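Report on the following structure.
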Amino acid sequence: MRLDPTPEDEAFREEIASWMRKHLSGRFAELKHRGGPGDEEAFPELRKEWERELAAGDWTCVGWPEAHGGRALSIEQQVIFHEEYARAGGPGRMGHIGEGLIGPALIKFGTAEQKQRFLPEIVAGREFWAQGYSEPNAGSDLANVQTRCWQEADGSWRVQGQKIWTSLAHESDWVFVLARCEPGSKGNKGLAFLLLPLDQPGIEIRPIRQMSGGSEFNEVFFDGAVAQAEHIVGEPGDGWKVAMGLLEVERGVSTLGQQMHFAYELDLIIAAAKRNGRASDPAIRTRIADAWTGLRVMRYNALRMLAPSENGAELGLKREALIYKYYWSNWHRDLGKLAMDVLGAEGDIVTDDPAIRPLQQMFFFSRADTIYAGTNEIQLNLIAERGLGMPREPRPAN
Amino acid sequence: MRLDPTPEDEAFREEIASWMRKHLSGRFAELKHRGGPGDEEAFPELRKEWERELAAGDWTCVGWPEAHGGRALSIEQQVIFHEEYARAGGPGRMGHIGEGLIGPALIKFGTAEQKQRFLPEIVAGREFWAQGYSEPNAGSDLANVQTRCWQEADGSWRVQGQKIWTSLAHESDWVFVLARCEPGSKGNKGLAFLLLPLDQPGIEIRPIRQMSGGSEFNEVFFDGAVAQAEHIVGEPGDGWKVAMGLLEVERGVSTLGQQMHFAYELDLIIAAAKRNGRASDPAIRTRIADAWTGLRVMRYNALRMLAPSENGAELGLKREALIYKYYWSNWHRDLGKLAMDVLGAEGDIVTDDPAIRPLQQMFFFSRADTIYAGTNEIQLNLIAERGLGMPREPRPAN
Amino acid sequence: MSFAFTEDQVLIRESAENFLGDASRSDAVRAAMETTLGYDESLWQRLAGELGWCATAIAEEYDGLGLGPVELVLIQEQAGRRLLCAPFFSTVCMAATAVQQLGGHVAQARFLPQIAAGELRMSLPMLGTSAQWDAAAAAVHAHPQGDDWVLDGGVALLPDAAGADWFLVCATLSAGGRGLFAVPAAAAGVKLTSRQTWDATRQFADVQLSGVHDAVRIDTADSLADGLPRCAALMRLYLAAEQLGAAQQCLDLTVEYAGGRKQFGRVIAGFQAVKHRCAEMMVKIEALRSAVYGAAALAVSEDGDSAALAMECAAIKALASDTFYSCAQEAIQLHGGVGFTWEYDPQLYFKRAQASSHWFGSADALRGAVADRLLG
Amino acid sequence: MSFAFTEDQVLIRESAENFLGDASRSDAVRAAMETTLGYDESLWQRLAGELGWCATAIAEEYDGLGLGPVELVLIQEQAGRRLLCAPFFSTVCMAATAVQQLGGHVAQARFLPQIAAGELRMSLPMLGTSAQWDAAAAAVHAHPQGDDWVLDGGVALLPDAAGADWFLVCATLSAGGRGLFAVPAAAAGVKLTSRQTWDATRQFADVQLSGVHDAVRIDTADSLADGLPRCAALMRLYLAAEQLGAAQQCLDLTVEYAGGRKQFGRVIAGFQAVKHRCAEMMVKIEALRSAVYGAAALAVSEDGDSAALAMECAAIKALASDTFYSCAQEAIQLHGGVGFTWEYDPQLYFKRAQASSHWFGSADALRGAVADRLLG
């Protein structure tokens, strides 16, 4: 067990840092620290250009195999990449669903043709993806998919139904969808995993207005929307397997970058507290100390998660991985409240002040952190059942 | 709605206060603030004498009807009595199970002969009672009574089984027991409510050692123990009804006295904090302020509970009554932790110092507060189901 | 001693409950939020005029109903539950209280009958700690000119200021000391700047005073210093009552939603974790309710110890802020995905919870004040 | 950078786990608690002798194994899990650390090989904040007499003092400044008074020094001031590891009990509220585990910034105290009635949790130190 970097690691760290200094400047400078969760609507076009800037520097899909256009970076190097990207204020990645979710799924489950068709566009920052999992009546109950699909005579697929909480659908080119291909099937059986272009008559996107006023989530309505015959990933009926493999990947190295952004937010809070005098309030001091401690916990927890397991357990079953989502989301929600309590009355007023506005957005958007991607309640069930071997929730027979 | 006392109330308050000043002195002085929960083993004989002192002053069973030897005090006056008794440091009442539980049950459900036999002894402080409800496998599940009873040819009852968490069994003369009189019956059906003298061959009392070292609870083993034919309360099979009427009474005016004792404990904590300098620690200050606020909440909540309900709802279904046990027990458990954190290392050392020892006992014994008489978990179920109309817990079919 | 409400008090509560349950539903609140005034003028006219709520706690000698904190608390609880958009809190709970507690008889006779009649709207900033009062007074200077006072300076964050007829302003006197002044909104030299807030159910503006001549001084002798503890106590109590009602609505919305929403084939209200968390909300809310009612009763008791009342109301405002916030947070959480959407109501309560958490002092500051009394 | 344990580290952990799981079961702990010494001498001999645990973190030049904080943390985690009664913490985690970090080479050469060999037991008080160090130093005075130092004063609450061969004492020098002294327990003028504590798994005594001549000064030049941040950091880390293991055992006991106990016809482990509370314990414990392992790795990194390590270990000790206490409290609660009996084990952990909460500084004080670094 060691934290000291190798000389190669240090050189690599400096390489990214210096690339970021050079390129996240000029017209891209206004993207610094922008576009993360809660701010995804910021500068969409410029952020797409930024994706191409990254691609030109070979900084997209850095963990992918070289055969698919990636850099095949080691876990350690990916950690360094994400940390330095975020430390430099690198903007929220428009390409992250392509790079982090559908790309890896295609590499694992896709056909040679699918790989050839889609991966280069993702690597190049030319095509952007949205995900279609959740449905209005299947919030935490992800497997309760009502959206249907069926195959036409020409082999193409049609999709009918509704997805919800689809981020950036209006800024994306493609969507992947989990739909029921076997009528009458239940739960995670009988599902298909389909790829659809968003710009087609059978798809309508309606933004969902959030409490903060923004609308980075959408409802997506499918009314006979078409997926080409060759755009099913895996076999019909295997959709759940593809989707779950992909969720697993979500808990990856990018968490280290997320933590750097959290640290940036805490810095903003500390600066605000020093500015308005609340840095001398004992209760605020204690909460800031706790928030800092949480950052240390998250960093070490993520490093633990990413280390090879002693007993070969898969990532998702490692104890530190089971708790991670619950820990960070509740920590972040508390950070939002801390930010507002530090700002006091100043925080109540709508403003564009870059020292305040990001904290306000964080306060509101962090409400979603403990809800999306498995609510607190679902997380605690999973931890108790998988981590502690306690009895599963009774589920009424279908 | 008014808090101002009437002149009669004030005179009554002064009457008790002055009686207590005069009588809780001399040989009784060492009983001040002693004998409450967590300290019930203190001075049992002297506290029995104190019961007779109270009786001589007509201060036992003050809420009972005059016909049964009580004073028929109004609710307001009972509140005043309990407050002044506790404010004066009146010791934990050896007679409280007789006066507060079995006496009222006999008044409501007992035969004329039972009343005549038992009530005067309770009023006079000559006979003391223990309760036998809980069983090792029926902690929160009170109705899961395994103790059996059957009637002999001579009409007497025999009891076989085990009760647990029986306070002061070794200091009591009688015990009331809920036992299953209909073999094969389940839950709250088929139970009998019996009165047994404790000093008989069929009864063995074994103390349960608590974490603090004391043993105020006991296990009571019944091996063919005898209750006389005329010592069943209500009909065979009606035991649950008698027992539940009696639990209801537990949430009564005596809570106001309990609160006075809590206030005394907070005073000890404040004095300790001033003595050792922790009164200047901001976190301790906040917690002391919160504890004080909780005392105000409890006082007003109890007064609300005791006021006539607008819609005639019975006491146990009033919202403020539903939350009361959960509130006070968790408040008190927190107070125990606060006491120890104020004391610091001093609190870790076993001592007889009257400024410290009561706080240590309170710290340990308050662990039981959130467990006995309905654990936190049972309380929250009741609040959700009765207070909020949420679905009842599923119960496997028997 | 009795903790039961009188029949009249029950009637007042039920009347407020029925009226606001109809007139201040979510759609009405959302419409009012979008207006410049911040509330619906006709709704205000109804409750100030027909219903006579403004007269509740004003003495009969000033044409009020001569009722008191208990009745006003019952109305406030319903107002909070429905997030009533109206200058009721600023005018009746704050300004009338300030005039009654801090003003001389002349000022009381001048303003209270008009407030009671619902004909006058008045606003003042929501100051909590004495440090905030000091800072507010330091920001406005008053100097005498003939029989008039001339005021210069700025007052930040006055609630419902857009429709107010008068502002109450604490100012530093050129001769030293401080005074409380009523300033007509229409006076020359008064400039209003509205401040957009995330919680739009109660709107704020800053006021700039430049050589304003028409200010009326309303305090006399030591009335400002003498009256402040009870004045601050009552304002906090009225706000706590509002927060209580709002917290209750968070729970009610949640229980209702959980009773209808199915996941994994069951209504989520049947999950023990959901039940227990709703039960914990109820524990906090009922504890707060007992405290609010008790403090209201204490405020009308003959005991009259304003320091004790101030301590109690400081504690209760802290409790109310924490309770409201935690219930609003839980309401969002237990609504799941829809909880943080604009369309569902929890967000309205959540924003109000955060904003109100520091009106009249943060919970930390108020607990500090309680600790000061207990520990020196 | 790698967060995986080496094979040797895994072996050390498993060896500690297996040995203590057998030798320090509840009945052994309960028996040791009743002894005057506070631990079982033969158990101590085995782990100090055969198993060589005392040598773990001592440098090879002093006959140690030359391992470090990571290995000691792994042993401590198991020791805490089993509430090991032994002078291991006082001698190895505290005294050896103090001699290494605060002492000169002469003192190190004199004491470390004996500690490594398990032949010497040494105790010092569990001081946290610098105010506590100041108070401790002020209570003992040292003046030179020829080549000797003569010590007078009192030292409170030394752990495992009954069997200790030496005490480490911080004293005020008659010429000003302070020094660290090793005092033989057998020296003339040393008087031990044992203090009975509620947590009997680690026992304490006060030591009175009256004209003690045989003290050995172990610090040199600025070694005391220079070494203190890292010394305090490591002691806190080792204690946090112990608290981590103990918290884990609280969870394990609870999950096991809940899996066997039936109420209302179901095992209580199946109730969602019980599951969620156990899950929350696991979240806290794994968070703490990550922090403890990370800080141990930081302690052996070449970075060597002792102020950063001190800040991190202060934060982690606060986290460990809170985590352990809340897990012990939940263990009692979820055991129901038997949870607060002497017979069941949760009470042992609960008492240790409270006692250890202020060893080396309370959580509040430690968070204050972290805040000082962040906010000035």
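Quantities reported herein were computed from a predicted structural model and do not represent experimental measurements. Within every chain, numbering begins at 1; the chains are lettered A, B, ... in the order of the sequence lines, protein sequences first and strands thereafter.
Proximity to chain A is limited to the side chain of C:Leu157, based on heavy atoms less than 4.5 angstrom apart. Residue C:Leu334 touches chain A through its side chain alone, counting heavy-atom pairs closer than 4.5 Å. Looking at A:Phe364, the atoms closer than 4.5 Å to chain C (heavy atoms on both sides) all sit in the side chain, from C-beta outward. With a 4.5 angstrom heavy-atom cutoff, C:Ser362 does not touch chain A via any of its atoms. In this structure, no portion of A:Leu343 lies under 4.5 Å from any heavy atom of chain C. Heavy atoms of C:Arg367 lying under 4.5 Å from chain A are absent altogether. Of the two parts of C:Ala355, the backbone and the side chain both hold a non-hydrogen atom closer than 4.5 Å to a non-hydrogen atom of chain A. Neither the backbone nor the side chain of C:Tyr344 comes within contact range of chain A; no heavy atom of the residue lies under 4.5 Å from a heavy atom of that chain. In this structure, chain C has a heavy atom under 4.5 Å from the side chain of A:Ile208, while its backbone stays farther away. Contacts of A:Pro282 with chain C are absent, with no heavy-atom separation under 4.5 Å from either backbone or side chain.
Nearest heavy atom pair, residue A:Gly336 against residue A:Ser366, reads CA-OG, 4.3 Å. Residues C:Leu366 and C:Gly361 approach most closely at CD1-O, 3.5 Å, considering heavy atoms.
The ring pair (Phe, Tyr, Trp, His ring centres under 6.0 Å) contacts involving residues 354-376 of chain C comprise C:Phe204-C:Trp359, where partners must be two or more places apart or lie in separate chains.
Remark: A:Glu182 does not engage A:Arg180 in a salt bridge, criterion side-chain N to carboxylate O under 4.0 Å.
Each of A:Asn381, A:Val350, A:Thr375 has some count of heavy-atom pairs under 4.5 Å with chain C, and the biggest count is that of A:Val350. The choice from C:Trp198, C:Phe350, C:Phe271 that makes the most heavy-atom pairs within less than 4.5 Å of chain A is C:Trp198. Per-residue heavy-atom pair counts under 4.5 Å with chain C were compared for A:Asp281, A:Ile371, A:Asn376, and the maximum is reached by A:Ile371. Here A:Met211 is the residue among A:Glu377, A:Met211, A:Met340 with the most heavy-atom pairs under 4.5 Å with chain C. With respect to chain A, the highest number of heavy-atom pairs below 4.5 Å among C:Arg195, C:Gln354, C:Lys351, C:Gln347 belongs to C:Gln354. Across C:Arg277, C:Lys262, C:Glu343, C:His335, the residue that shares the most heavy-atom pairs under 4.5 angstrom with chain A is C:Arg277.
When only modelled atom types and interatomic distance are considered, A:Asn144 and A:Gln146 share a side-chain donor-acceptor pair under 3.5 Å. Between the side chains of C:Asp345 and C:Ser26, at least one donor N or O sits under 3.5 Å from an acceptor N or O. Side-chain contact annotation: A:Arg333 with C:Gln333, donor-acceptor N/O pair under 3.5 Å present. Under 3.5 Å, the side chains of A:Asp353 and A:Thr351 contain no donor-acceptor pair of N or O atoms. For the residue pair A:Glu135/A:Gln162, the side-chain donor-acceptor check at 3.5 Å is not satisfied.
Looking at heavy atoms from C-beta onward, A:Ser167 lies in side-chain contact with A:Glu40 at the 4.5 angstrom threshold. By the 4.5 Å heavy-atom criterion applied to side chains, A:Leu335 and A:Ile269 are counted as neighbours. No side-chain heavy atom of C:Ile285 sits less than 4.5 Å from a side-chain heavy atom of C:Leu288. Considering only heavy atoms from C-beta on, A:Arg275 comes within 4.5 Å of A:Glu346 through its side chain.
Qualifying side chain to side chain contact (heavy atoms under 4.5 Å, CB included) partners for A:Ser215, counting only residues two or more places apart in sequence or in other chains: A:Glu41, A:Pro207, A:Arg209.
Checked against a 6.0 Å centroid threshold, the rings of C:Phe340 and A:Trp165 count as neighbours. Between C:Phe88 and C:Tyr39, the distance separating the two ring centers is not shorter than 6.0 angstrom.
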Practice prompt. Could you walk me through whether A:Trp240 and A:Val145 pass side chain to side chain contact (heavy atoms under 4.5 Å, CB included), step by step?
Written response: CA-CA 10 Å; A:Trp240 186 255; A:Val145 171; 5.5 Å; no
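By a heavy-atom distance cut of under 4.5 Å, C:Tyr325, C:Gln329 are the residues of residues 316-329 of chain C near chain A, going up by number. Annotation: residues 354-363 of chain A contacts chain C through A:Arg357, A:Gln360, A:Phe363 [non-hydrogen atoms, separation under 4.5 Å].
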